[in-house]
Amino acid sequence: MSNNGTWDWLRAPVEVAAPRLLGCNVVRELDGSILRARIVEVEAYDEEDPASHTHRGPTARNAAMFLAAGHAYVYLSYGIHHCLNVVAGEAGHGAGLLIRAVEPLEGEDVMLARRGTPRRQLTNGPGKVCAALGIDLSLTGHDLALPPLQLEREPERPASDIVVTTRIGISKAAETPRRFYLAGYPDVSRK
DNA sequence: GAAAAGATCTTCT
DNA sequence: GAAGATCTTTTCC
């Protein structure tokens, strides 16, 4: 599906853009093969959020999150794991959606070969998603309308299919309900 | 099966 | 110099 280069549907407050991103597909071109995965869990972050990297304004690391909606923001977590975000909101506003989990749709065999882990634990965490899709720091600031990493919009899911809970793995504002996931994947981030 | 600690590095205080 | 939007492996019930 073509987006015509416009990301109007992401240019909204993160809590509005988050449910729209659920169910969309990430398409990754890697070593001549196509990897496609459906986004099933995200977390919302913006400048007003004490837990967000952008809370204290722009820095060299988080500059990508201040770009226009539809760019990628990748950061290195604990020196080991990469995490992928989709920039949302107005340009200059420093907001994004962390992709916590995806469901393999195409090229699953390639992902399994890359990771060497069972299917159930293939993409059920932000670091694993990036490992499976071969995403690293070089993709920070990448335009998601272009290869080798693209975002395909899918019809928005009915609100009844979306569950909102508190976020995971943070210490500040941990009780704020800004984690969104699709019904049917209740344990996607559990071990 | 559950809990704890190790790995490893960028960014900010 | 310390903390962090994490995952894997080890250890101990």
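Each chain gets a letter, A, B and so on, in the order its sequence line appears, and its residues count up from 1. Small disclaimer: the values here were computed from a predicted structure and weren't measured.
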TODO: Select base, sugar-phosphate, or nothing to describe what A:R115 touches, counting heavy atoms under 4.0 Å on all strands.
DONE: sugar-phosphate

Open item on the list: Within the 4.0 Å heavy-atom criterion, would you say A:I170 contacts the bases, only the backbone, or no part of the nucleic acid?
Closed with: sugar-phosphate

Residue pairs fulfilling side chain to side chain donor-acceptor pair (under 3.5 Å) with at least one residue in [range], sequence neighbours excluded:
| range | answer |
| --- | --- |
| residues 137-151 of chain A | A:D136-A:S138 |
| residues 80-95 of chain A | none |
| residues 104-119 of chain A | A:R36-A:E106, A:E108-A:R119 |

Open item on the list: Could you tell me how far apart A:Y45 (OH) and C:dG4 (C1') are, to the nearest whole angstrom?
Closed with: 11 Å

TODO: Let me know the distance between OH of A:Y75 and C1' of C:dC7, rounded to the nearest Å.
DONE: 13 Å

Open item on the list: Does C:dG4 have OP1 or OP2 under 4.0 Å away from a side-chain N or O of A:S171?
Closed with: yes

Task: Comparing A:K172 and A:T117 on DNA chain C - which has the more 5′ nearest nucleotide - done: A:K172

Would you tabulate the nitrogen or oxygen pairs shorter than 3.5 Å linking the protein to nucleotides 7-9 of chain B?
from, atom 1, to, atom 2, distance (Å)
B:dT8, O2, A:Y78, O, 2.7

Could I get the full list of side chain to side chain contact (heavy atoms under 4.5 Å, CB included) partners for [X], not counting sequence neighbours?
| X | value |
| --- | --- |
| A:T166 | none |
| A:A173 | A:D49, A:P50, A:R167, A:T176 |
| A:A12 | A:V16, A:R20 |
| A:A44 | A:V14, A:L97, A:R178, A:F180 |

Task: side-chain contact (heavy atoms from CB on, under 4.5 Å) evaluation trace for A:V27 with A:L35 - done: CA-CA 6 Å; A:V27 183; A:L35 307 181; over 6 Å; no

Task: Contact list for DNA chain C against residues 51-61 of chain A - heavy-atom distance below 4.0 Å - done: A:A51, A:H53

Open item on the list: Show me the dot-bracket string of DNA chain B, counting Watson-Crick or G-U pairs under 3.5 Å, with | for pairs to another strand and [ ] for crossing ones.
Closed with: |||||||.||||.

Task: Rounded P spacing from C:dA5 to B:dA3 in Å - done: 23 Å

- [ ] Give the other cluster members for A:L105, using side-chain heavy-atom distances under 4.5 Å between Ile, Leu, Val, Met, Phe, Trp and Tyr residues; answer none if it is isolated.
- [x] none

Task: Residue of the set A:V26, A:V42, A:L21, A:L98 for which side chain to side chain contact (heavy atoms under 4.5 Å, CB included) holds with A:V86 - done: A:L21

Task: Counterpart residues, ring pair (Phe, Tyr, Trp, His ring centres under 6.0 Å), relative to A:Y75 (two or more places apart) - done: A:H53, A:Y73

